[in-house]
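Below is one structure; the comments refer to it alone.
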Amino acid sequence: MPELPEVETVRRGLTELVAGSRIKTVEVLYPKMVNLPAVDFEKALQNKEIVKIDRRGKYLFIRINGGLTIVSHLRMEGKYDVEPEGTPFNKHTHIVFHLTDGRQLRYNDTRKFGRMNLVQTGQEMMVAGLKTIGPEPTEKDLTLAYMTKVFGKSRKIIKPFLLDQSKIAGLGNIYADEVLWLSKINPKQPVNTLSLQELKRLRKNIIDEIQRAIAGHGTTVHSYSTAYGEAGNFQNHLNVYGHQGEPCPRCGTPIEKIKLAQRGTHFCPTCQVLHGDHHE
DNA sequence: GTAACGGCCTGTACGC
DNA sequence: TGCGTACAGGCCGTTA
């Protein structure tokens with residue numbers, strides 16, 4: 001499931017592969033995937049150039065000359081592939097960009113959860129989800145001042161809070177579990193009971209873990225792969241996600257898996273102990 | 001304003 | 001073997 005590091009890896013891959021390429025025609029095979037009538041989407045992009053690819057949180061902004069932007073969200077299993085014209089479509093190919101150089105940029109998505117919104121450049125932040133998106137998990141944007149303010153006033157528990165893109169952009173189910181384990185925070189801990197020390201630790205671990213995962217080209221689980229068709233390798237660095245029943249790398253206690261807010265949640269019951277309110 | 005939940009999808013794992 | 005069912009999960013829209 002692509003989270004920020006995987007989406008960033010895709011962004012870099014697409015930049016290398018198709019930035020500067022010209023679109024001859026577009027085929028929308030699954031109309032529900034786009035925000036416009038399929039014909040309008042196809043016509044608007046005909047004979048346009050892919051200028052560059054930006055990213056915000058888990059959203060890709062594919063910049064098209066003439067003032068257009070495709071806002072692309074991969075959701076669970078979306079991925080881009082570049083293939084020579086004539087190669088048979090994958091069973092889950094839903095959108096095809098025929099390029100003038102004889103290649104095709106294809107969007108494949110097993111579960112059809114992904115979406116593409118074609119908007120005027122400058123209007124991309126009006127797309128649902130981007131209107132309320134939180135800060136990027138970086139040293140510069142995710143300040144401690146922001147965290148103490150926003151975390152201090154929520155009574156939600158921390159795990160689903162971290163998945164809320166309006167609080168922090170880019171974390172998904174895998175990295176949420178990983179950063180809580182790294183920070184020794186119980187996934188059920190109410191957000192407004194986190195101590196200043198815990199917030200500092202959590203902030204540092206979020207920023208560092210995302211950077212490490214980007215450096216490792218993302219995590220490969222299920223069908224995710226980069227635009228190069230290569231697998232990321234960060235899954236080898238996961239400590240708790242998917243490791244239920246295995247010993248905690250820190251203390252040896254078996255990792256538990258529970259369900260919180262409909263999401264599978266992995267944690268160490270010894271290292272990540274629920275505690276009371278600190279009242280700082 | 002915030003929080004909770006159903007729905008969107010299909011492949012995989014499991015029980016009988 | 002084959003069938004049915006539960007489950008995986010990011011995000012939106014709706015409801016409380």
Side-chain angles (χ1 to χ4, degrees), chain A residues 1-11 28-36 55-61 70-80 89-95 107-117 119 124-134 136-137 149-180 187-193 210 213 218-225 235 238 240-245 255-267:
Chain A
M1 51 225 70
E3 302 182 29
L4 192 154
E6 293 74 43
V7 177
E8 176 60 19
T9 302
V10 171
R11 188 194 71 77
V28 175
L29 305 171
Y30 183 68
K32 283 182 73 175
M33 199 152 268
V34 298
N35 64 324
L36 302 176
R55 179 192 58 74
R56 177 75 167 86
K58 302 179 201 172
Y59 295 82
L60 290 168
F61 297 156
I70 302 170
V71 178
S72 171
H73 197 301
L74 308 174
R75 295 283 183 97
M76 299 298 296
E77 310 218 10
K79 53 179 189 168
Y80 285 96
F89 288 166
N90 166 314
K91 170 179 177 186
H92 301 293
T93 299
H94 305 304
I95 298 176
Y107 180 70
N108 299 313
D109 191 338
T110 311
R111 292 190 196 168
K112 300 182 174 171
F113 275 13
R115 291 292 177 264
M116 281 189 210
N117 286 68
V119 300
E124 55 274 350
M125 298 313 282
M126 298 308 290
V127 170
L130 283 163
K131 287 181 190 168
T132 56
I133 196 157
E136 292 284 307
K149 179 177 155 217
V150 173
F151 283 56
K153 64 183 184 192
S154 175
R155 291 154 71 174
K156 277 174 88 167
I157 59 176
I158 185 68
K159 171 64 190 286
F161 188 88
L162 289 180
L163 297 177
D164 183 345
Q165 303 296 299
S166 74
K167 304 300 190 293
I168 301 174
L171 295 178
N173 206 39
I174 297 173
Y175 296 117
D177 284 0
E178 293 298 318
V179 298
L180 287 176
K188 285 186 187 170
Q189 191 69 42
V191 173
N192 60 358
T193 65
I210 292 290
T219 296
T220 301
V221 291
H222 304 303
S223 60
Y224 169 76
S225 65
Q235 66 279 7
L238 299 182
V240 286
Y241 185 87
H243 290 226
Q244 59 271 26
I255 297 300
E256 287 185 13
K257 182 178 182 183
I258 60 173
K259 194 162 237 191
L260 290 183
Q262 338 269 45
R263 300 289 184 278
T265 299
H266 311 73
F267 73 108

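Letters go in sequence order (proteins before strands), and every chain restarts at 1.
No side-chain donor from either of A:N108 and A:H92 sits under 3.5 Å from a side-chain acceptor of the other. Side-chain atoms of A:K159 and A:N173 include a donor-acceptor pair closer than 3.5 Å. Of the N and O atoms on the side chains of A:Y80 and A:S72, at least one donor lies less than 3.5 Å from an acceptor on the other residue.
Separation of the A:Y241 and A:Y175 ring centroids does not fall under the 6.0 Å cut-off.
The residue A:E3 sits apart from the nucleic acid: no heavy atom pair falls under 4.0 Å. As judged by a 4.0 angstrom heavy-atom cut-off over every strand, A:K259 is placed among residues touching the sugar-phosphate backbone only. Contacts of A:K91 with the nucleic acid, taken as non-hydrogen atoms under 4.0 Å apart, involve only primed sugar atoms and P, OP1 or OP2.
A:K58 places its NZ atom 12 Å from the P atom of C:dG9, with the value rounded to the nearest Å. Here C:dG10 presents its P atom at 12 Å from CG of A:L162, a figure rounded to the nearest Å. Protein atom OH of A:Y241 is 8 Å distant from nucleotide atom C1' of C:dA8, rounded to whole Å. If you take CG of A:L260 and C1' of C:dG10, they are 17 Å apart, rounded to a whole angstrom. When the C1' atom of B:dC8 is taken as reference, atom CD of A:Q262 falls 14 Å away, rounded to whole Å. Going from atom CD of A:E77 over to atom P of B:dG11 covers 9 Å, rounded to whole Å. For the pair A:N90 CG and B:dG11 P, the computed distance is 10 Å after rounding to whole Å. Atom-to-atom, NZ of A:K32 to P of C:dG13 comes out at 13 Å; the value is rounded to the nearest Å.
In this structure, A:R263 and A:R155 both approach DNA chain B, and ranking their closest nucleotides by distance from the 5' end singles out A:R155.
Under 4.0 angstrom from either OP1 or OP2 of B:dG11 there lies at least one side-chain N or O belonging to A:H92. Taking 4.0 angstrom as the limit, A:T110 places none of its side-chain polar atoms (N or O) nearer than this to OP1 or OP2 of C:dA8. Side-chain N/O atoms of A:Y30 include one lying less than 4.0 angstrom from OP1 or OP2 on B:dC9.
Side-chain proximity of A:K167 to B:dA3, C:dG10, C:dC11: nearest is B:dA3.
Salt-bridge annotation for A:R56 and A:E136: present, with a side-chain N of the basic residue lying under 4.0 Å from a carboxylate O of the acidic one.
Between the side chain of A:R75 and the base of C:dG9, no donor-acceptor pair under 3.5 Å is found.
Atom NZ of A:K156 is surrounded by more than 12 heavy atoms from other residues, nucleotides or ligands within 6.0 Å.
Relative orientation of the A:Y59 and A:H73 rings is perpendicular, given thresholds of 30° and 60° on the angle between their planes.
Smallest separation of non-hydrogen atoms from A:N192 and A:G152: CB-O, 3.3 Å.
For B:dC8, the base is stacked against the aromatic ring of A:F113, per a cut-off of 5.5 Å between centres and 30° between planes.
Taken over five-pair windows at either terminus, the axes of the helix from B:dT2-C:dA16 to B:dC16-C:dG2 are inclined to one another by 50° (rounded to 10 degrees).
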